[in-house]
Amino acid sequence: MSGRKALLRAYKERKVEAGVYAVRCLASGEVWVGATPDLSTRQSGVWFSLRQGSHREPTLQAAWNAHGADAFVFEPIETVDAEGLDAFCRASRLKDRRAHWIGTLSARGLN
């Protein structure tokens, strides 16, 4: 098996963890909270859209533009056990936990 095929197989077989994450601006103290079915890939997606200037949350994009990438950190804050749940139940659980953390951290929500 080629190295590429082995890497692809390993990626497909990895354990995917759903959960809630925070994006923090160290310069301003602002916090945004989102939920995702795959915590391991979410930061790269958020950072990509911010670098492109196309993030859907205007307050996060404005803070990124003002302070730059070095002022931001991505923090997984809770994993959600979604094993055995259908897509609707998993989405509902993630939504509930996201709402909890938005309130706890006085944060803005990310979709």
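Any value given below was found using the heavy atoms of this structure, including those in side chains, with hydrogens, waters and symmetry copies removed.
Counting only heavy atoms from C-beta outward, the side chains of L110 and H55 approach each other to under 4.5 Å. With contacts defined as side-chain heavy-atom distances shorter than 4.5 Å, the pair H67/S28 qualifies. Contact of the T41 side chain with the T36 side chain is not registered, since no non-hydrogen atoms from C-beta on lie closer than 4.5 Å. Side-chain contact check for V23 versus F72: some heavy-atom pair is nearer than 4.5 Å.
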### Task
Take L39 and V16 through the side chain to side chain contact (heavy atoms under 4.5 Å, CB included) test and state the conclusion after the steps.
CA-CA 8 Å; L39 281 169; V16 175; over 6 Å; no
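Between E78 and the choices H100, R97, R98, the side chain to side chain donor-acceptor pair (under 3.5 Å) rule is met once, by R97.
When the ring pair (Phe, Tyr, Trp, His ring centres under 6.0 Å) test is applied to W32, no partner is found at least two apart in sequence or on another chain.
There is no path of hydrophobic side-chain contacts, each under 4.5 Å, that joins F48 to L50. Under the 4.5 Å side-chain heavy-atom criterion for ILVMFWY residues, a single connected hydrophobic cluster contains both W64 and V46. Side-chain heavy atoms closer than 4.5 Å link hydrophobic residues (I, L, V, M, F, W, Y) into clusters, and following such links, even through other members, never connects V31 to L60.
Taking CG from L26 and CG from D70, the interatomic distance works out to 10.0 Å, rounded to the nearest 0.5 Å.
Ion pair R108/E30 flagged as a salt bridge, since at least one NZ, NE, NH1 or NH2 atom sits closer than 4.0 Å to an Asp/Glu carboxylate oxygen.
For E57 (side chain) and T59 (main-chain N/O), a donor-acceptor pair under 3.5 Å exists by modelled atom type. Looking at R93, its side chain does come within 3.5 Å of a backbone N or O of D81 through a donor-acceptor pair.
Listed here is the closest heavy atom pair of S54 and Q61: N-OE1, 3.4 Å.
The aromatic rings of F74 and W47 sit perpendicular, their planes meeting at an angle over 60°, well past the 30° parallel limit.
Side chain to side chain, D38 and S40 meet the donor-acceptor criterion of an N or O pair below 3.5 Å.
Annotation: D86, atom CG; neighbour count of heavy atoms from other residues, nucleotides and ligands within 6.0 Å is above 12.
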